[in-house]
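Reminder, nothing fancy here: chain letters follow the sequence lines and each chain counts from 1. Predicted, not measured: the structure shown is a model, and the values here were computed from it.
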Protein chains: 2
Amino acid sequence: MNQIISNNLNPHVSVDCVIFGFDGEQLKLLIIERKPKDAVSALPGDLIKDNENLDEAACRVLYELTGLKDIYLKQLQAFGDPDRIKDLADVRWLRDVREEPLTRVITIAYYSLVNLAELAPRPASFAKEVRWELVKKVGKLGFDHNYIVDKALEQLRLNLKYDPLIGFELLPEKFTLRQLQKLYEAVLDQPIDKRNFRKKFLTAKIVVSLDEKEQNVPHKPAQYYRFDRKRYMRIKDRFWF
Amino acid sequence: MNQIISNNLNPHVSVDCVIFGFDGEQLKLLIIERKPKDAVSALPGDLIKDNENLDEAACRVLYELTGLKDIYLKQLQAFGDPDRIKDLADVRWLRDVREEPLTRVITIAYYSLVNLAELAPRPASFAKEVRWELVKKVGKLGFDHNYIVDKALEQLRLNLKYDPLIGFELLPEKFTLRQLQKLYEAVLDQPIDKRNFRKKFLTAKIVVSLDEKEQNVPHKPAQYYRFDRKRYMRIKDRFWF
DNA sequence: TCAAAAGTGTTTAAGGTACACCCATGT
DNA sequence: ACATGGGTGTACCTTAAACACTTTTGA
């Protein structure tokens with residue numbers, strides 16, 4: 001069977017999830033540390049199953065490996081070099097996990113941005129640890145996962161600029177403009193002028209102020225706002241950051 | 001073998017090519033008409049082979065089916081619903097072409113924009129015809145190919161706006177600003193003001209005028225321009241249409 | 001009273017949009 | 001002389017970018 005499958009036109013197909021997390025200050029990346037001590041870390045990912053589409057596969061894999069649920073994942077792109085798996089440590093790990101460790105694997109990468117404060121990932125059985133690592137400090141990952149992360153981050157930035165929905169989905173119902181700005185600064189990795197930032201969202205009217213302010217903060221309490229989805233849908237062609 | 005493959009985690013992987021062609025006036029789409037009379041048309045596509053990466057597979061498939069060569073293809077995205085193949089005509093066609101016609105197929109779509117005047121596609125053996133169809137008049141295609149084409153067109157438009165390279169690659173070395181404008185109008189499907197269009201490219205200095213004009217035209221001859229690639233590379237972050 | 005973040009306007013420069021006429025050429 | 005597309009400039013408006021001080025609260 002191994003013979004048949006590795007010599008015909010029949011590679012395996014997997015999904016890999018690039019999950020960015022925002023904790024109110026910094027951008028982090030969800031990585032899985034594998035059990036054997038010398039194994040490198042990697043993105044959560046696994047082979048797809050029959051009868052599930054790619055989006056479903058990505059959700060399931062993420063759930064199985066980390067317990068994270070109800071997360072909206074966007075497809076990034078497919079990666080399929082025949083020699084994606086080149087490192088010895090990669091092969092060793094695959095021998096533990098896959099029935100046919102040498103078969104070529106084509107992977108469809110997904111990405112997402114989630115609220116780190118609300119989520120507590122837990123490791124799957126074969127993982128040593130599930131960890132949020134600062135994006136800027138992510139070390140060497142297995143396979144071509146560093147490359148995939150770079151592409152995903154590039155895409156996330158574009159996405160946030162041209163379609164801020166991915167940002168609002170992460171924030172709570174009511175939020176302050178500072179929170180929103182911190183999110184943009186963390187993802188785009190650049191400081192943003194406060195007045196210009198507010199102006200952009202307020203004049204576009206895609207955020208509306210509520211009758212409520214912060215309480216018990218040791219500084220002037222900030223106004224809470226909510227996202228006006230309907231308004232945004234009407235003007236989305238003209239809005240970008 | 002069929003049993004093994006259709007019940008394990010091992011779908012087939014194919015590539016499909018969405019090739020847009022520009023003839024100086026209109027935007028067309030390359031489609032393949034299959035031989036049995038009742039078969040619907042489809043995009044050029046086929047299973048990938050071992051030892052070729054996805055980009056190579058897309059180039060090879062396009063070449064084999066149409067004779068088109070040296071075409072720069074961009075990856076669009078992967079499509080992988082288990083029920084992508086639902087139509088009876090689709091299944092019938094697959095029976096003619098595939099060894100395992102019922103196995104699930106995940107496809108990676110690619111797209112490109114080419115100069116229709118320079119290319120003469122020829123049909124592969126199993127195809128009845130290779131045809132350039134006006135994008136606006138493309139009828140029902142097999143599988144989920146209409147959906148794929150819609151996505152590709154959306155992406156092409158974004159691409160042309162935010163990175164005009166794909167446009168200049170299609171034009172000859174020397175071109176007139178009118179040709180460039182017609183290209184934008186055809187792809188974006190909207191009329192564009194001539195003066196503003198010229199201003200945008202001329203003030204950005206990404207086109208430079210040559211010492212040569214059109215000849216033997218029954219109207220005031222137009223100036224030829226060339227694309228200044230180096231200049232563009234320097235300012236690409238700030239240029240978009 | 002101090003520290004910390006909230007909130008607020010104006011100026012300047014650049015770019016977007018809308019718009020109409022004369023010019024050069026071949027037939 | 002006519003038909004065809006080539007080529008040009010201005011006025012108005014919107015948006016981007018830079019920039020500093022006062023306010024409110026809890027400790």
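Closest to the side chain of K220(A), out of dA6(C), dG9(C), dT17(C), is dA6(C).
Under 4.0 angstrom from either OP1 or OP2 of dC19(D) there lies no side-chain N or O belonging to R195(A).
Base contact: K199(A) has a heavy atom under 4.0 Å from a base atom. Note on R178(A): only backbone sugar-phosphate atoms sit closer than 4.0 angstrom, heavy atoms only; bases stay farther off. At a threshold of 4.0 angstrom between heavy atoms, the contacts of Q223(B) are confined to the sugar-phosphate backbone, with no base atom among them.
The shortest side-chain heavy-atom distance between L153(B) and Y111(B) does not fall under the 4.5 Å cut-off. Side-chain contact between Q77(A) and Q75(B) is present, with at least one heavy-atom pair separated by less than 4.5 Å.
Positionally, the nearest nucleotide of DNA chain D for P221(B) lies more toward the 5' end than for the other of P218(A) and P221(B). Along DNA chain C, the nucleotide nearest to L202(A) and the one nearest to H219(A) differ in position, and the one closer to the 5' end is contacted by H219(A). Mapping A222(B) and K200(A) onto DNA chain D by nearest heavy atom places A222(B) at the nucleotide closer to the 5' end.
Residue Q179(A) contributes atom CD, which lies 12 Å from atom P of dG7(C) at whole-angstrom precision. One interatomic measurement links the two molecules: NZ of K194(A) to P of dC21(D), which rounds to 14 Å at whole-angstrom precision. Taking atom CD1 on I235(B) and atom P on dG15(C), their separation rounds to 10 Å, with Å as the unit. Following rounding to the nearest Å, F197(B) (CZ) and dG6(D) (P) show an atom-to-atom distance of 12 Å. At whole-Å resolution of the value, CG in N196(A) and P in dT10(C) are 14 Å apart. When rounded to the nearest whole Å, the span between CG of D237(A) and P of dG16(C) equals 18 Å. Taking atom CG of residue D193(B) and atom P of nucleotide dG16(C), one finds them 13 Å apart after rounding to whole Å. For E214(B) and dG7(D), the CD to C1' distance is 12 Å, given to the nearest whole Å.
Few gaps surround NZ on K140(A); more than 12 heavy atoms of other groups in view lie less than 6.0 Å from it.
Using modelled atom types and a 3.5 Å distance limit, the side chains of S14(A) and D46(A) yield no donor-acceptor pair.
Ring planes of F201(A) and F168(A): perpendicular class, angle over 60° (limits at 30 and 60°).
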